[in-house]
Every structure is written in C-alpha cells, then in structure tokens.
Amino acid sequence: MKQENTTVLEHRLFHGDYRQLTLAAPAIGPLVKPGQFVHLKIPRLGEAVLRRPFSIFKADDQGISILYKSIGKGTDSMRSLQPGEKVDLLGPLGNGFPPLGAGSTVPVLVAGGYGNAALYLQAKTLPVQGVAFFGGRTAADILCIEEFEALGWDVRVATDDGSLGTRGLVTAALNPWLEEQRSETGDPKSSGLEHLEVFACGPNAMLKAIGDIALENNLTAWLSMDRNMACGVGACLTCVIKRKTGTGWEWARCCKDGPVFEASEILWDEN
Amino acid sequence: MKQENTTVLEHRLFHGDYRQLTLAAPAIGPLVKPGQFVHLKIPRLGEAVLRRPFSIFKADDQGISILYKSIGKGTDSMRSLQPGEKVDLLGPLGNGFPPLGAGSTVPVLVAGGYGNAALYLQAKTLPVQGVAFFGGRTAADILCIEEFEALGWDVRVATDDGSLGTRGLVTAALNPWLEEQRSETGDPKSSGLEHLEVFACGPNAMLKAIGDIALENNLTAWLSMDRNMACGVGACLTCVIKRKTGTGWEWARCCKDGPVFEASEILWDEN
Amino acid sequence: MITPDLKIKIGSLEMKNPVTVASGTFGYGPEYADYVDLDRLGAVTVKGICAEPHIGNQTPRTFETASGMLNAIGLPGPGAQGFIDKYLPFFEDYEVPLIVNIWGKTVEDYGRVAEILGDQSRISALEVNVSCPNVKEGGALYGTNLDLFRTVVEEVRSKTAKPIIIKLAPNVAGIKPFAKAAESCGADALAVMNSYPAMAIDIETRRPELANRTGGLSGPAIKPIAVKLVWEAAQAVNIPIIGMGGICGPDDAVEFIIAGATAVAVGTSNFSDPSTAVRVIDGLERWMADHDVALVEELRGTVIA
Amino acid sequence: MITPDLKIKIGSLEMKNPVTVASGTFGYGPEYADYVDLDRLGAVTVKGICAEPHIGNQTPRTFETASGMLNAIGLPGPGAQGFIDKYLPFFEDYEVPLIVNIWGKTVEDYGRVAEILGDQSRISALEVNVSCPNVKEGGALYGTNLDLFRTVVEEVRSKTAKPIIIKLAPNVAGIKPFAKAAESCGADALAVMNSYPAMAIDIETRRPELANRTGGLSGPAIKPIAVKLVWEAAQAVNIPIIGMGGICGPDDAVEFIIAGATAVAVGTSNFSDPSTAVRVIDGLERWMADHDVALVEELRGTVIA
Ligand SMILES: Cc1cc2nc3c(=O)[nH]c(=O)nc-3n(C[C@H](O)[C@H](O)[C@H](O)COP(=O)(O)OP(=O)(O)OC[C@H]3O[C@@H](n4cnc5c(N)ncnc54)[C@H](O)[C@@H]3O)c2cc1C
Ligand SMILES: Cc1cc2nc3c(=O)[nH]c(=O)nc-3n(C[C@H](O)[C@H](O)[C@H](O)COP(=O)(O)OP(=O)(O)OC[C@H]3O[C@@H](n4cnc5c(N)ncnc54)[C@H](O)[C@@H]3O)c2cc1C
Ligand SMILES: Cc1cc2nc3c(=O)[nH]c(=O)nc-3n(C[C@H](O)[C@H](O)[C@H](O)COP(=O)(O)O)c2cc1C
Ligand SMILES: Cc1cc2nc3c(=O)[nH]c(=O)nc-3n(C[C@H](O)[C@H](O)[C@H](O)COP(=O)(O)O)c2cc1C
Ligand code: FES
Ligand code: FES
C-alpha cells in the first residue's frame, strides 16, 4: 500500500451519470488486485478533512482508473478535475476478491451501481467466464455491459423501470436463472448450486439479498461492502461491520479486513 | 451598493506579479466612483468565510476590472479563475476620492503596489493632470505607467533597487519635486504648496510618510487606507482606524467611512 | 402541497418567520439595508449595547480561520442613549421587529441598559449577552458562573417587561444548569450559542492575531458544537431557543430546529453572503412545503435521539 | 545556518523530536506503517485502551463537518492484556517511544490498566484520557469534575512510575484549575486538547449522524480553541504540554509551541495525509533553522501576549 501523488491522464463522461477518471499511478497500478480500492484526496475541497474511497475499475503498470458518480460535495468537486492536475491517492487498499474456489466451476457476478466497476478486474482475472447479473434503476445506470461481454461473460440485466432487461431488482433476473442451474445431486443437504460461486458489489440492500440467497443455498458468496470511511487503512475503526465468531460477533474493518467478506461471515445490522 | 453575481470576462497576467481580472458586472459597473472597491467572494475556497476587498481599477457600464497580486490563500485560489466562471461581488464600496478641491490647481498622485490601480479612475476623472509618483521594490512592481501617461500625467518613479527611476522610496522622488514647487507667498503661515492636492494609495508606511509631509506643509492629502476587512459594509467594526475629533478620537470604518481619509483626520497608531 | 406558516413566538414577540441575524454581524440596522430587505426578516438583532458608550478593542479585531473566524471587537458602541438617538429612528421606516443585544460591565450596568432600552416601544425584545468571550471587564464571567449568571438575569428581568432572551456561553462543562437557571429567573427565551473563546498566533511576529489576544470563534467550524448545545438546552427548558452557530443555508436552519430551536440566527455567513438570511427563509419555507410541515412547531425538536 | 536540535523531554521520556500522533487517529501502530517510517516520529501514541476488552459504539461512528469531523468510536479495544499480546510485539522492530492512551469506566479501571501497562518495558508513557467526549460510562465526567479528576490522576499516579500525561477535557469554563490539579497530583505532562463534544443531524431521517448521537469535533475547525487552551494551561503549570487540535503542517506545530506546547500531536490530519507528522518534523526543523532557533525550548511559550 502506497501514498502516491498521481496525475490526471483522462477524465470523461463514461455512461449515464458516471465519469471515468484515469490517473497515472506507476507506484499503485502494478500492485492492484481485483476488488481493491483507492482512497482519494479531493483537490480544491479545502473544507474536507477526509478522503473518499473508490473501487479500482482498471489498472496496469502505468496507473488506474475509477468510475464515479457525483452524489455529494466531494464527488461534485471531482468533476472539475483537468488532465495534468495532481490527485493524491492511498492504495491499493483492502483485500479484494479471492480467486475461484476449488469446488466451484461457474462464477457468478452480481453488481449494481459502481459495483460493476469494482467487479471488472475480477471478471477479467477469473479462469472461467460465467454469468454477470447487473441491476439498476434504469438503463443509464447499467455500466460496462460491453466490457464484460468482451471478456466473454454472459451479461443479464434487470432494471427497476424495465428500460433494459428484466423489470425489477437484480434478483428478479438472478433467481429464475438459479433455478435452472439447480442440479439433482441426490444429497439432501445439497442445494444443487454448490458449483456456483458468487462475487457481488453494489447497494447494501442488494448485498443483503444476495447474502440471504447464498445462505439458503449454501453457496459461497463474496460481498464487497460499502461503509463510510475516514482513514481507509484500518486505523480509525469507522468502517466496521459485525463479523460472526464462534461465540458471537466481532468488529471487522471494511477498509482493511474487507471490503470483501464471505456472506456467511456477515452479521447484518438492522440499521 | 449591490450584491452581484458577476462573470469572468478576461483574466490575464498584467505586469510583474499582478493579474488583471475583468468581470461582467452591469449592476455595479455604472455606479463606480474613483477610489471605491469591491468585496469579492473567492470561488472554490470553501474553508474561507470572508470575502477579500479589491480596489476598482477600471469600470464602465458593462463591468469592472481589478489588478491583484497573490499573497495568500485567497488571492492564490483566484489565479485559477477561468472566463465564464461566476464571481460574487459586493460593490461599489467605500466613498472613494473627492473631486479636486476649490483652491487646488495641481493634483499629485502618490501610489505603491495596487495603489496605482486604485488611483487610475481618479487620474482619469480629475479636471487637470498633474504629477504621479509611483514607488515599488523593483521595476516589476510599478504598474500602469503607460495608462497614466496616456491620460496626460507626468509619471515619476522610484524603486528601492533603482531598477527604474530614482533609487529609494517614493518620497525620494516626491520631496525634491515638492521643493521645486514651493512658491514664495510672503505669508509666513503658508508652506507655498497649498496649490497642490495629494491623492495617495499604497502601503501603510508610505501613506504615513505622505500624511506627515502633508501636515508639515498643510497640504490637503487624501489617503486610501488598507485595513483587513470582514463585512466590507460597515457592520462588523473590523476595519476601524482612529479619526481625530475635537476632544480626542473616534473609530472610523475604512470600508464605509473610508477607505479614503484626509491626512489631518487620521490618528496614526503605533502598530 | 401545503403552504407552510413560518410564524413563531419568542415570549410576546411575534415573528413572521423564525429567522433573525446574529448580534454583531449585522451592525445597527442600516449597514446591510442596501442588500437585504429588512422587512423580510423575522427580526433584526443589532450589535451589543451597554449603558454607556464603549470604545472596544484595539485592532486587529478579526482573523479568518478554517471554516470560521475569530472576533474580538470588544463591544464598541454608542451606549443606550446614543443608540436611541442615532439608530432607533432608522427603524421607523420598517416593520421588522427589533431585538437589541445588551451587555454590561457590572450587574447594575445590565439593569441600567435594560431599563433605558426597555422603555423604547420600537424595541421588541432584549437579548442579554452574558457570554461575550472577549471583554475583559465582564462577559465570560457572568456566563460561566452560575451565581453571577442568576443575578444578571434577575436584574434584567426586574428592570423590563419586554421579552428577554438570555444568550448562553458555550464554554461550560454543561449548558443545562444555565438554561434552567435562566428559565427559572424569568427569561422568555435562550440564545445558543455565542462565539467560542479561541486564539491564533502569527508565528513570524509571535503576536496573537488579535489585539485582544483571544477572541470568539464563529462560523461553520462551530456548527456541530452549537447543534449539540441547542439539543441539550432544549431538553432542559420549555422556553424557546434561538439557535445559531455557522448557519449558512436553509438545511442548517432545519438542522437547528430539528435539534430543538424555535428560531435561528445567521451570523458570520452575512459576511460572505448578505443574502443568507433571506435564502434561509425562502429555503426553509420550501423545505417545509416539500416535507409537508405546516408549522415550525411541528418540526421543532423532532430529532429521533 | 544552525542545525536545530529537536529533542524534548516529557518527564523521563526522551523524544528525538516533539512530534507524535494523536490517540485514536493512528490505530495501534501497524496500520500506518506502510506510509510512515514510525522511527521518524518523536513517539507513537496508540488508540485508547482500558483494562478489559470493550466493544465501543455502533455505526455510523464518524461524520465529516466543515474543516473538521465528528467521531464517536466509543473506545473499542482489545483491553490491556489483549493489547500486550496482539500489538506490543510489533513494536519490537522499532525504536520509536510508545505512548499508550488509557481510559476507564471507574477509578479502579484507570488504576488497573495503568498497573498492567505500566509494567511493560516497551511502553514509554501512559496518556490518560479523562476527556473522552463520547463514552457514556466515563470520560467527560472525570474530565469536567475537579474532584473526580483528581481521584483519577492520583489513582493512576499511584499505580505506575512511568510518565503519565493527563489529557484534558476542552469543555470546561476554565482549563487552568484542571491543569494545576493534574500537576499537583503528580502528572508528568498534559495533553491539550481532546475533541470537542458536538453533534450533527441528518435532516431527512431526523436522526443524529452518529449512532452515539453526539461525538467529538476534531480537525482544523477546532485549532483556535486548542491554541487558546494550550496557551492558558501553559500559564498555569510548569510541566510540559503536548498540544493538539487541527495540526496539518509545520506552521501549526510552530504556533502551538509558541503558545506554550513542548510537543505536538497530529490527529485528524493523518486521515487526509498520512505523511503529515513527518512533514511537520521536517518543516519544523527547517523553520527553526531559518529562524535561528537551536532548541525547541527556545521557541516554547514565546508568544508576545
Ligand atoms: C470501498 C468503497 C468503494 C467505493 N467505490 C466507489 C466507486 O467506485 N465509485 C463511486 O462512485 N463511489 C464509490 N464509493 C462510494 C464513494 O466513496 C462515495 O460516493 C463518496 O465518498 C461520496 O463522497 P461525497 O463527498 O461526494 O459525498 P458526501 O455525502 O458529501 O460525503 C460526505 C462524507 O460521507 C462520506 N461518504 C458518503 N458516502 C459514502 C460512501 N458511500 N462510502 C464511504 N464514504 C461515504 C464521505 O467520505 C464524506 O466523509 C465507494 C465506497 C466504498 C466504501
Ligand atoms: C480597500 C482595500 C483595497 C484593496 N485593493 C487591492 C487591490 O486592488 N489589489 C490587491 O492585490 N490587493 C488589494 N487589497 C488587499 C487584498 O484585499 C489582500 O491582498 C487580500 O485580502 C489578501 O487575501 P489572501 O486570502 O490572499 O491573503 P491571506 O493572508 O490568506 O488572507 C487571510 C485573511 O486576511 C485578510 N487580509 C489579508 N491581507 C489583507 C489586506 N491587505 N487587506 C484586507 N484584508 C486582508 C483576508 O481578507 C483574509 O481574511 C485591498 C485591501 C483593501 C482593504
Ligand atoms: C464580528 C462579530 C461580532 C459579534 N458581536 C457580538 C455582540 O456584540 N454580542 C453578542 O452577543 N454576540 C456577538 N457575536 C456572536 C454572534 O452573535 C454569534 O453568537 C456567533 O458568531 C455564532 O454565530 P455564527 O457562527 O453564525 O457567526 C459576534 C460575532 C461576530 C463574528
Ligand atoms: C477517530 C478519532 C478517534 C479518537 N480516539 C481517541 C482515543 O481513543 N483517546 C483519546 O484520548 N483521544 C482520541 N481522539 C482525540 C484525538 O486524540 C485528538 O485529541 C483530537 O482529535 C484533536 O486533535 P486533531 O484535531 O488533530 O484530530 C480521537 C480522535 C479521532 C478523530
Ligand atoms: S476507515 Fe478507518 S478503520 Fe476503516
Ligand atoms: S469590514 Fe466590517 S466594518 Fe469594515
């Protein structure tokens, strides 16, 4: 993990409300593993004392790029970034997604919002291409379909307004597909879906839903959790979630112990 | 006095360290009197709660322009202003310079730093052109020589390093000239300089020196005072100086009662 | 969509909206009249006045800090009679309620200024500054010592029938005892908070940035402190609270009201944007309409905590 | 040009420079080790530890404000023994002095944790948090009540021979009585200041932004408050003061030292720039050289006020 004063190479509208910011980051770029993020210091936002975390969309030896949507003062002020400007990064942070598990044959990606960006490198790295389920409010929210198809993934879309793919939540597309996949194993304890392994990133509600599905079907599901962060490196204990232990639960830091957790580890909070 | 959300028309390097910022300000422009200033809200400086005051260099029905030097965080961040950007102004503020007094025949301008800008409209408005004394550290600090000469003023320069004009403070150029001007009036109470009227703007030390000269020679001298300001409109009582009264002194607000005061009114502080 | 009613009451003082300006940031009335239609405001609150004219502090008197500023103006002013002569006539051309902020060097001072100004029909209420952080001869003392605090409130109460608003000092271990004391001594309302005692030093000259050495911190920097103090004070008393501290826009005002304030005051933000108070009024009305809040009362103290 | 000597002493603790990090903003040591050469620091100060493991507050635990942030982490931690087992070995690879911040729910708690950690040779000093603004079971209470304050300081003093640094609560009417009490009860140094009790409310949900409802305000927003408290405390005592509150760069450190601090701590600024503490050390050395200051001692308390 490094602190690097990077340079804006390119900054463009990507799709819908999302922009792509490409940064020259020769120190951070080569270290990136799928599912990791950078902690970005917003330039020209003198009143902000905190950085902002962004998943790494693409990375190579020269640098990284992120996809972001402006939802508040930090991401608003990012919009004015010009090529050549400096952007201070911490990264790559977090432990990202694991490789495909031994018993698993079909990887399944489930994403919403910037989750599509967060899963791209994983989709690229996995040894086999499976099915990618993307959800969003409307067509404009669905990012990177072409990118994933170019990697050989079977992309299935669900939108709340039905403007693209199945109408409804991403689970509306996922669940029927899961039923098709269910194989008769004879073993009563088996759900017939153990050959699948899920990698997901998106809104909390979506992750919760995927987590529940995973538990019911004892699937392995890796969920990348989004929590507000301050330090981004494990020092401040801001970004904690409850992780199950033999006896009960303990705090785990999304920035350092995550952001990716296996569904069965997570004790979901009411709030 | 108006609050106007103006638009940057032009922003360029002017001379030495000074930049010229030209703003479309149709509401404020037409109201400007020589020696007045605007109170400028610095864009993109979220942590700053105060505006910054700047003398009005030029003004017309379309708007105004100022000359500024970057000396701190506000003026630093002004440097990135692009044409088309919005800049919120209060102005025109203060009561500026008075017209040439009845008894006076020869106006004398004395300026340093941005004072040259502050005096330009006065130089343009005065019915007669006299002599303008400009002082600065070095040649690069001397603004607007051409502009003043174009108006028909006899410009005399003094620089600390002698890189332009007389070597030394502006008084090194002013004093000998005053001696030349001294006319024999016969009246013992007269200094023989009463036909002169001084209008000055610049560093505090310069204004103090001019004030002393004016008192010794009972000249009328109008000094534009620079004091840190908060509100700029007379409400907060930040920018006060001591103004002599029959009995002693009272506070006068540079932003509202000034910035221009007659030398004999001012009670100079030690600090 | 409903059209909200922004009316509120501070004792017998009726305000058509809950937005005033913070004493000392709006002069004596005329200064901002070119920029703000004073009659749009719920009330105008003017700079602190004491019985006699006062010269205040030397300069520099203010200094900018991160998202805030320090001030040590030192309460210069024309005195009670001077204010009546110089500034009261100006308000004859306006309908806006006038709140005069008062202070004293002694308990008797407080009483005298309250008595003199209390007789003026154009003045709607007196705001008592017991928490001025930067006048050596008084202020802080009264605002942080419960016994002295009570005597001042009782003294002012005994000298005027006008609504009195006690402006609390933020630099105490607990604000509730002071809030309760003010209420029990007959205060009609509380103002929370005054600027916070603070300091900045010029490292080159090694002198304080303020001639008075220390001054009061104000602006967005202190908003979270003010919101907490309003929330605590509101739990302790039944009289209305005027919340202030870093209010720059409608959302800030809503936050203070949800925390327990009946009204709010815009201070430091007047300097960066004189239209803040009017923006707050318009924005608050819009926010209430959007959220189906008919009366400020329905919003007040609704924090779920 | 002279090469300044940055060495200072906090009781028997010798620091090669006067710069440490503020407890709770730098984890337990390993977290920032990738970004900062810990051995460059005058000392590392770790997150607050109490006798027993503690779960801390629910989330959200922090919230960003204007030039500052609120935190209500609630002092989760592994407890004294847990810290010794999990984190102390890490420091064997470093020479940097280790300061452990301690707290308790009861006076006995304070004594126990002081006793357990006081026996550890790798620990150079204990910083006693009596001013934690957001743990219901303790903190604030001890830091704002002079009698309780004394009992805690005496208890900790009686349980360890290590230097003890008493970290004062900012939310008091006057800091001097607490500074004096700490000194007279045998404290080796003071830390000024902890974050300031504050609050923010989400106006849409009408819930506090922090699960704990209130939290501590830190960052540049509070720097002027901290500078004043350091200046006042320095007038009251002869023991060294570690100044903190919004320090982001060398100039801030110089300002605190001129105000009366012997050392400084970088807190919130670690989050925006992990290299802050090292920048402060390098910048302070340069500043001292440029200003012909040979020793920190020569700069300390030189404010002309
Ligand atoms: C691991 C991780 C990866 C992320 N990846 C992306 C990405 O690739 N693209 C993208 O558009 N967004 C991403 N986000 C969300 C992004 O960090 C927030 O949108 C951003 O912080 C909002 O900042 P703001 O100043 O615009 O909003 P504001 O609401 O103004 O932020 C105010 C405060 O809240 C914090 N905050 C607000 N929302 C979030 C959030 N969701 N997560 C963390 N802190 C928050 C900010 O850090 C700041 O402290 C990610 C979040 C996490 C935790
Ligand atoms: C009536 C008047 C007219 C002026 N005209 C001009 C002009 O035409 N061109 C020009 O370059 N400068 C002018 N100045 C000075 C200009 O206002 C300062 O250079 C500017 O405020 C510095 O701001 P900063 O943020 O860059 O500096 P900083 O030092 O970062 O400012 C910090 C704080 O100090 C205040 N401050 C600092 N210096 C001054 C100052 N000299 N006067 C008032 N406030 C100050 C700022 O308002 C701010 O509150 C004028 C000042 C006054 C009072
Ligand atoms: C320049 C200035 C002058 C002030 N003068 C007074 C005063 O005379 N009496 C008073 O009670 N409060 C005074 N205050 C405090 C404000 O009324 C207000 O309580 C404080 O600034 C917090 O609000 P804000 O953050 O919106 O400014 C003054 C504040 C400032 C900035
Ligand atoms: C996230 C966070 C956690 C903190 N935890 C502690 C703590 O455990 N013990 C303590 O004494 N102070 C704690 N503090 C207070 C800091 O040590 C410091 O006193 C305060 O933040 C002011 O310094 P700053 O403005 O540089 O952050 C914490 C502060 C923050 C921001
Ligand atoms: S953000 Fe600080 S521990 Fe995760
Ligand atoms: S700047 Fe406020 S009175 Fe002049």
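Residue numbers start from 1 in every chain, and the chains themselves are labelled A, B, ... in the order their sequence lines are given, proteins ahead of strands.
Scanning both residues, D:Ile55 and A:Trp251, for their nearest heavy atoms gives O-NE1, 2.7 Å. Contact detail for A:Ala230 and D:Met69: the closest heavy-atom pair is CB-CE, 4.3 Å.
Among D:Ala66, D:Gly27, D:Gly24, D:Pro274, the residue making the largest number of heavy-atom pairs under 4.5 Å with chain A is D:Pro274. Ranked by non-hydrogen atom pairs under 4.5 Å with chain A, the options D:Ser218, D:Gly68, D:Gly56, D:Pro76 are led by D:Gly68.
Atom-to-atom distance recorded for D:Ser275:OG and A:Leu90:CG is 9.5 Å, nearest 0.5 angstrom. Note: D:Ile73 CD1 to A:Cys236 SG = 5.5 Å, rounded to the nearest 0.5 Å. Rounded to the nearest 0.5 angstrom, D:Thr59 OG1 and A:Lys242 NZ are separated by 7.0 Å. In this structure, CZ on D:Phe63 lies 12.5 Å from OG1 on A:Thr238, to the nearest 0.5 angstrom. In this structure, OG in D:Ser67 is found 6.5 Å from CD in A:Glu47, a value given to the nearest 0.5 Å.
The main-chain N or O of A:Leu237 is found under 3.5 Å from a side-chain atom of D:Arg61 such that the two form a donor-acceptor pair.
Neither the backbone nor the side chain of D:Ser269 has a heavy atom closer than 4.5 Å to any heavy atom of chain A. Residue contact with chain D, scored on non-hydrogen atoms closer than 4.5 Å, involves the backbone of A:Lys2 exclusively.
Residue-level contacts of residues 31-44 of chain D with chain A, in order of numbering, are D:Glu31, D:Tyr32, D:Asp34, D:Tyr35; threshold 4.5 Å between heavy atoms. Proximity to chain D among residues 60-89 of chain A is limited to A:Lys73, judged by heavy-atom separations below 4.5 angstrom.
Counting non-hydrogen atoms of other residues, nucleotides and ligands closer than 6.0 Å to CZ of D:Arg206 gives a total above 12. Residue-environment remark: CD (D:Glu95) stays at or below the threshold of 12 foreign heavy atoms within 6.0 Å.
Look at D:Glu64 and A:Arg51 and you find no salt bridge, because none of the NZ, NE, NH1 or NH2 atoms lies under 4.0 Å from a carboxylate O.
Contact annotation: the side chain of A:Val49 approaches that of D:Pro220 to within less than 4.5 Å [non-hydrogen atoms, C-beta and beyond].
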